[in-house]
Student: 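Pasting a structure here, questions to come.
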Amino acid sequence: MKKGDYIVMAFSILLVGVLCFFLYGQKKNEALYVEIIVGNEVVDSLPLNQDTVYSVNGVDLTVKIEDKQVCVMDTGCPDRLCKAAGRISQAGRSIICLPQKVIVRINGTFPVDAVAGGMCP
Amino acid sequence: MKIKTLTLCGILLSTALILSWAERFFSVSLMRAFPGVKLGLANIVVTVCMVYLGFWPAFIVGLLRVFILFLIMGNAVSLAFSLTGCIVSLFVTYFALKLPEKHFSLISVSVLSSLAFNLGQGMVSILFFGSSFLYYLPVLCTLSLPCGIVTGIAMNGIRKAWPST
C-alpha cells in the first residue's frame with residue numbers, strides 16, 4: 001500500500017459520495033401521490049402521506065389511505081379482486097379493478113430492487 | 001506475436017475463466033444481498049496480463065473471457081453488461097498503469113478499473129432498465145471499493161512473485 005493508493009481511495013470515496021448526493025439527495029423531497037384513474041382519465045390525485053377515505057365519483061369504489069399505504073376499502077364489482085389485492089405503498093405499484101375500469105396507482109419511479117435481479121450473471 | 005506471448009495469453013485466459021467460475025462460490029452471500037456484485041477475481045488476471053504483456057494481449061484476453069463465459073453460463077443481457085464494463089475498465093486500467101509506479105501500487109489500478117467497470121455497466125443498464133437503475137449505481141460503486149482493494153492486494157502479490165517480464 002503506497003501513498004498514492006490512499007489518494008486514489010479518497011478520490012473514489014469522494015466520487016461515490018457525489019454520486020449518492022446527486023441521486024439520493026433530490027429524491028427525498030419528491031412526495032408520492034396516489035392517482036385514481038377511471039377509464040383512461042386521471043380523475044383525482046391524493047397525497048400518500050395524508051390519511052383519508054375517498055369514494056371515486058361515478059363508480060362504486062372506495063379507496064382508503066392509511067400509514068402511507070393505499071387499499072381498496074369497498075367495491076361493488078362482482079369479483080372483488082381489487083379489494084383482495086391488499087395494500088400498496090411503493091411508487092409504481094397499482095391496484096386495478098377491471099370490471100369498473102378503475103386503476104389506483106402510486107406515481108413516481110419504480111424502486112430498482114425488483115429489476116436488478118435480472119442482471120445477475 | 002511471439003509463441004511465448006501466445007502461450008502465456010492462453011494460460012492467462014484459462015486462469016481468468018476458472019477464476020470467474022470459481023468466484024461464484026466465494027461471493028454467494030455477497031451476490032444474494034446485492035445482485036450484480038462480484039469480487040472480480042478475473043480482473044486480477046487481465047491486469048497482470050496488461051502489466052506483463054501490454055495492452056492488446058490484455059484486451060484480447062479480457063474480451064475472450066467475456067465471450068467464453070457467456071457461452072458457458074450467461075444470457076444475452078449479462079453479455080452486454082460485462083462486455084461494456086470490460087472494455088471501459090480495460091481502457092481505464094491502461095491509463096491507470098501510466099501512473100508513476102513509485103507512488104501508486106496496483107491497488108490504485110484495481111480500484112479505478114473496478115469503478116470504471118461499474119460505471120460502464122451502469123450506462124448499459126440505463127439502456128435496458130431505464131433511469132431508475134441509476135439509484136442502484138452508488139451501491140455498486142461503494143462495493144467496488146473493497147472488492148478493488150482485495151483484488152489489488154492479490155495483484156501486488158503476483159507482481160512481487162513474478163518480477164521479470
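Note that the structure is predicted; figures quoted are calculated from it, not measured. Per chain, numbering begins at 1; letters A, B, ... match sequence-line order.
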Student: With clusters defined by side-chain heavy atoms of hydrophobic residues (ILVMFWY) lying less than 4.5 Å apart, directly or transitively, does B:Ile87 cluster with B:Trp56?
Tutor: yes

Student: Identify the two heavy atoms, one from B:Pro138 and one from A:Val16, that lie closest to each other, and give their separation to 0.1 Å.
Tutor: O-CG1, 4.2 Å

Student: Does A:Tyr54 have any ring-ring contact (aromatic ring centres under 6.0 Å, His included) partners at least two apart in sequence or in another chain, and if so, which?
Tutor: none

Student: Say you draw a straight line from CG of B:Leu119 to CG of A:Leu15; how long is it, rounded to the nearest 0.5 Å?
Tutor: 6.5 Å

Student: Output the distance between atom CG (B:Asn156) and atom CG (A:Asp5), rounded to the nearest 0.5 Å.
Tutor: 7.0 Å

Student: Within residues 11-21 of chain B, which residues come under 4.5 Å of chain A, heavy atom to heavy atom?
Tutor: none

Student: Sort by residue number and list every member of residues 94-103 of chain B having a non-hydrogen atom under 4.5 Å from chain A.
Tutor: B:Glu101, B:Lys102, B:His103

Student: Kindly work out whether a path of hydrophobic side-chain contacts (I/L/V/M/F/W/Y, heavy atoms less than 4.5 Å apart) joins A:Ile95 to A:Leu32.
Tutor: yes

Student: Tell me, for A:Phe11 versus chain B, whether the close heavy atoms (under 4.5 Å) come from the side chain, the backbone, both or neither.
Tutor: side chain

Student: If two hydrophobic side chains count as joined below 4.5 Å and joins carry through other members, does A:Leu61 share a cluster with A:Val42?
Tutor: no

Student: Between A:Leu98 and A:Val56, is there a shared hydrophobic cluster once you connect ILVMFWY residues whose side-chain heavy atoms come closer than 4.5 Å?
Tutor: no

Student: So if I take each residue of residues 142-153 of chain B and look for any heavy atom under 4.5 Å from a heavy atom in chain A, which residues do I end up with?
Tutor: B:Thr142, B:Leu145, B:Ile149

Student: When you group the ILVMFWY residues by side-chain heavy-atom contacts below 4.5 Å and let the links chain together, are B:Phe117 and B:Val111 in the same group?
Tutor: no

Student: From A:Lys2 NZ over to B:Ser108 OG, what is the distance, rounded to the nearest 0.5 angstrom?
Tutor: 9.0 Å

